[in-house]
Amino acid sequence: MTRIAIIGAGFGGVAAAVELLAAGFGDIVILEKADRVGGVWRDNTYPGCACDVPAPLYSFSFALNPDWSRRYPPHHEILAYLQRVADEKGVTPLVRFGAEVASADWDGRWRITLAGGGTIDADVLIPAVGQLSRPAIPLLPGAGTFQGVAVHTAHWTPGIPIDGRRVAVIGTGASAIQLVPAIAGRAAHITVFQRTAPWTVPKPDRRYGRIRRALSRRVPALMRLSRGATWLLTLVPGAALHGNRTVNAAVRGYAWIQRRWQVRDPALLAKVTPDEPIGCKRLLFTNAWLPTLARPDVDLVTEKIVTVTPSGVRTADGADHPCDVLVYGTGFAATEFLVPIRVTGRDGRTLSGEWREGAHAYLGLAVPGFPNMFLVYGPNTNTGNTSVIYFHEAQARWIAQAVRAVAAGDDLEVRPEVAATYDSEIQSRLSTTVWTACQSWYRTATGRIVTNWPGKAAEYRRRTRSLTRSDFLPR
């Protein structure tokens with residue numbers, strides 16, 4: 001029997017497990033370092049945390065949910081949904097909780113060593129740790145001297161004191177634009193430190209009422225219709241990202257109208273006006289961010305941070321900004337795939353060595369020199385405009401085909417020349433995209449884009465529809 005080890009019990013790991021179970025594979029273990037299923041939705045609990053992809057699309061195609069409370073649901077609903085799917089599809093019993101993977105070594109099979117001790121052998125290794133699992137915390141001078149509470153948004157806990165406190169938030173990305181409006185009015189004062197102004201557009205959110213939810217339960221086809229309509233909606237920002245000048249201008253105009261309508265103070269307007277091309281960083285959907293920055297108890301600081309002091313933050317203009325709580329809304333180390341897991345493939349090749357110049361994988365799934373290892377949410381499989389779960393499902397279906405080949409006695413290792421040709425194509429296409437126009441979490445320090453897919457989601461699904469055996473080394 002083919003033994004399969006999946007690392008991570010988030011959306012990607014669950015998608016792979018569901019597909020493998022449906023394909024008839026039962027000898028599966030999911031290694032999860034936490035105590036429950038959930039991935040990023042288990043780990044991110046900061047106030048205001050919600051999905052920025054509409055729920056009808058941010059869900060599995062095989063488990064549409066009639067019970068969403070709104071178009072952009074809060075994190076606890078998404079977490080409950082994922083855990084329910086894992087339970088109903090028989091995935092949860094496969095999870096070994098508290099099992100953090102330290103290393104994986106290939107010697108005809110994969111030997112997986114756990115951080116707490118013990119090993120597991122598997123014929124197939126499926127890392128599904130995701131791109132947004134390791135918080136990125138900047139190395140600021142003096143950070144260790146701060147005497148208040150310091151926390152990254154991904155490490156938020158319910159006991160963090162906010163009411164009546166002075167809060168400093170570093171960063172103006174997707175997490176910060178949700179957190180700051182959620183705590184404004186509770187905190188005595190909020191200081192937001194901005195390096196670059198993000199592009200924002202209105203968030204077309206709405207509540208889903210009792211009647212809609214009841215109809216969705218009774219007529220499931222309505223959920224398919226909603227999912228299709230949502231898919232069409234995502235084509236608009238997708239067209240803007242992929243070079244349609246008319247659509248790009250329309251989205252920029254939409255953002256301009258929002259800024260002019262919500263920000264009346266000229267000084268603040270100048271601060272929140274982006275000076276980078278739209279789309280080079282993630283486009284953010286919000287109705288509350290700009291009005292919150294205009295509040296008298298909120299300051300937006302654009303001066304560079306030079307040091308953290310015991311009582312707050314000091315900026316390059318010499319100003320001290322006192323705070324009781326320091327929040328890092330600084331995102332994730334998305335370009336450092338699988339870190340800190342040490343993966344060693346054939347002939348002692350290390351994954352960290354192979355990826356020294358930036359992560360790469362054939363279809364985002366397979367790496368030369370690492371037989372029977374298939375990635376979920378691997379390099380260049382992030383989407384800039386639609387649901388990443390769509391990509392997870394495509395990857396899971398491809399992986400099921402690969403595991404069938406392994407079960408038939410065929411170790412699968414992608415040909416180096418096939419992987420190199422593929423990577424050259426992807427990087428060539430990415431070199432003409434807007435993502436090269438600024439530094440972001442999409443790129444490594446050298447400028448290589450290792451996270452994003454350069455085309456449309458439908459293209460990725462087409463290219464992963466069937467496994468091509470000739471792309472792999474002979475038996």
- Message: Within the supplied structure, the quantity of interest is the number of heavy atoms (other residues, nucleotides, ligands) at a distance under 6.0 Å from Tyr254 OH; does it exceed 12?
- Response: no

- Task: Using the side chain to side chain donor-acceptor pair (under 3.5 Å) rule, collect all pairs that involve residues 48-66, keeping only residues at least two apart or in two chains.
- Result: Trp41-Tyr58, Asp52-Arg282, Ser61-Glu393, Asn65-Arg84

- Query: Would you find a donor on one side and an acceptor on the other, under 3.5 Å apart, between the side chain of Thr433 and the backbone of Leu430?
  - Reply: yes

Kindly list each side-chain donor-acceptor pair under 3.5 angstrom involving residues 1-25, sequence neighbours excluded, with atom names and distances?
from	atom 1	to	atom 2	distance (Å)
Arg3	NH1	Asp27	OD1	2.6

- Under the side-chain hydrogen bond (donor to acceptor under 3.5 Å, both in side chains) rule, collect the residues that match up with Arg71, sequence neighbours excluded. none

- If you measure from CZ on Arg96 to CD1 on Ile120, what distance do you get to the nearest 0.5 Å? 4.5 Å

- Message: I'd like to know if the side chain of Trp435 and the backbone of Gly279 have a donor-acceptor N/O pair within less than 3.5 Å.
- Response: yes

- Message: Return the CD1 to OG1 distance between Ile341 and Thr113, rounded to the nearest 0.5 Å.
- Response: 11.5 Å

- Residue pairs, two or more places apart or on separate chains, that pass disulfide bond (SG atoms under 2.5 Å apart) and touch residues 425-475: Cys280-Cys438

- Task: Check the surroundings of atom NZ in Lys33: do more than 12 heavy atoms from other residues, nucleotides or ligands lie under 6.0 Å from it?
- Result: no

- Interatomic distance, Ile78 atom CD1 to Cys49 atom SG [nearest 0.5 angstrom]: 7.5 Å

- Query: Mind checking whether Leu284 and Trp289 have side chains closer than 4.5 Å, heavy atoms only?
  - Reply: no

- Begin from the C-alpha positions of Asp205 and Phe285 and carry the test side chain to side chain contact (heavy atoms under 4.5 Å, CB included) through to its verdict. CA-CA 9 Å; Asp205 200 6; Phe285 295 83; over 6 Å; no

- Message: Check this for me, if you would: do Arg349 and Glu354 make a salt bridge, where the nitrogen-to-carboxylate-oxygen distance has to be below 4.0 angstrom?
- Response: yes

- Message: Using the side-chain contact (heavy atoms from CB on, under 4.5 Å) criterion, which residues pair with Ala214? Sequence neighbours excluded.
- Response: Arg217

- Query: What are the two closest heavy atoms between Ile399 and Leu375, and how far apart are they?
  - Reply: CD1-O, 3.9 Å

- Item | Ala457 versus Tyr390, closest heavy-atom pair with distance | O-CE2, 3.5 Å

- Message: I'd like to know whether Thr386 forms a side chain to side chain contact (heavy atoms under 4.5 Å, CB included) with Trp231, so could you lay out the CA-CA distance, the side-chain angles of the two residues, the decisive distance to 0.1 Å, and finally the verdict.
- Response: CA-CA 8 Å; Thr386 189; Trp231 175 269; 3.7 Å; yes

- Any side-chain heavy-atom pair of Val101 and Leu114 under 4.5 Å: yes

- Task: Report the residues that fulfil ring pair (Phe, Tyr, Trp, His ring centres under 6.0 Å) with Tyr46, sequence neighbours left out, ordered by chain and then residue number.
- Result: none

- Using the test side-chain contact (heavy atoms from CB on, under 4.5 Å), find all partners of Thr432 that sit at least two apart in sequence or belong to another chain. none

- Query: Minimum heavy-atom separation for Gly455 to Glu459, with atom names?
  - Reply: CA-OE1, 3.7 Å

- Query: Can you check whether Gly369's main-chain N or O pairs, donor with acceptor, with Glu413's side chain at less than 3.5 Å?
  - Reply: yes

- Query: Is Leu232 atom CG crowded by more than 12 heavy atoms from other residues, nucleotides or ligands, each under 6.0 Å away?
  - Reply: yes

- Donor-acceptor pair, Glu77 side chain versus Ser69 backbone, under 3.5 Å? yes

- What distance do Gln427 atom CD and Ile449 atom CD1 have between them, rounded to the nearest 0.5 Å? 7.0 Å

- Message: According to side chain to side chain donor-acceptor pair (under 3.5 Å), does anything in residues 436-445 pair up with another residue at least two apart or in another chain? List the pairs.
- Response: Thr444-Thr446

- Query: So, do Gln83 and Arg42 sit near enough that their side-chain heavy atoms are less than 4.5 Å apart?
  - Reply: no

- Item | Salt bridge present between Arg213 and Asp67 (N-O < 4.0 angstrom) | no

- Message: The criterion is ring pair (Phe, Tyr, Trp, His ring centres under 6.0 Å); which residues satisfy it with Trp106, sequence neighbours excluded?
- Response: Trp110

- Which residues share a salt bridge (charged side-chain N to carboxylate O under 4.0 Å, His left out) with Arg195, sequence neighbours left out: none

- Under 3.5 Å, side chain of Asn380 to main-chain N/O of Asn452, donor-acceptor pair present? yes

- Does any non-hydrogen side-chain atom of Pro127 lie less than 4.5 Å from one of Met373? yes

- Query: With a 4.5 Å limit on heavy-atom distance, are the side chains of Val414 and Leu365 in contact?
  - Reply: no

- Give a yes or no on whether the backbone of Gly378 and the side-chain of Gln131 come within a donor-acceptor separation of less than 3.5 Å. yes

- Message: Contact between Val434 and Ile278 at the side-chain level, heavy atoms closer than 4.5 Å - yes or no?
- Response: no

- Heavy-atom closest pair (Trp453 atom, Ile426 atom, distance to 0.1 Å) is CZ3-CD1, 3.7 Å

- Message: Does atom CD (Glu357) have a neighbourhood of more than 12 heavy atoms from anything else shown, all under 6.0 Å?
- Response: no

- Heavy-atom side-chain contact between Leu412 and Phe374 under 4.5 Å: yes

- Task: Using modelled atom types only, decide if a donor and an acceptor are shared between the side chain of Gln401 and the backbone of Arg465 within a distance under 3.5 Å.
- Result: yes

- Trp156 vs Leu179 side-chain heavy atoms within contact, under 4.5 Å: yes

- Message: Restricting to side-chain contact (heavy atoms from CB on, under 4.5 Å), what partner residues turn up for His155, sequence neighbours left out?
- Response: Pro135, Val151, His152

- Message: I'd like to know if the side chain of Thr468 and the backbone of Ser470 have a donor-acceptor N/O pair within less than 3.5 Å.
- Response: no

- State the CG-CZ distance between Asp121 and Arg111, to the nearest 0.5 angstrom. 4.0 Å

- Query: Between Asp410 and Ala405, is there a donor-acceptor pair closer than 3.5 Å when you use the side chain of the first and the backbone of the second?
  - Reply: no

- Show your working on side chain to side chain contact (heavy atoms under 4.5 Å, CB included) between Thr421 and Glu425 and close with a plain yes or no. CA-CA 6 Å; Thr421 299; Glu425 176 212 338; 5.8 Å; no

- With Asn372, which residues qualify under side-chain hydrogen bond (donor to acceptor under 3.5 Å, both in side chains), at least two apart? Asp411

- Check the pair Arg206 / Arg212 against side chain to side chain contact (heavy atoms under 4.5 Å, CB included), numbers first and verdict last. CA-CA 12 Å; Arg206 55 164 294 189; Arg212 178 194 171 106; 4.3 Å; yes

- Query: Donor-acceptor pair, Trp398 side chain versus Arg463 backbone, under 3.5 Å?
  - Reply: no

- Rounded to the nearest 0.5 Å, how far apart are OH of Tyr328 and CD1 of Ile170? 5.0 Å

- Provide the closest heavy-atom pair for Phe472 versus Ala366 in the form atom of the first, atom of the second, distance. CE2-CB, 4.4 Å

- Query: Where is the tightest heavy-atom contact between Arg448 and Asp423, given as atom of each residue plus distance?
  - Reply: NH2-OD1, 2.6 Å

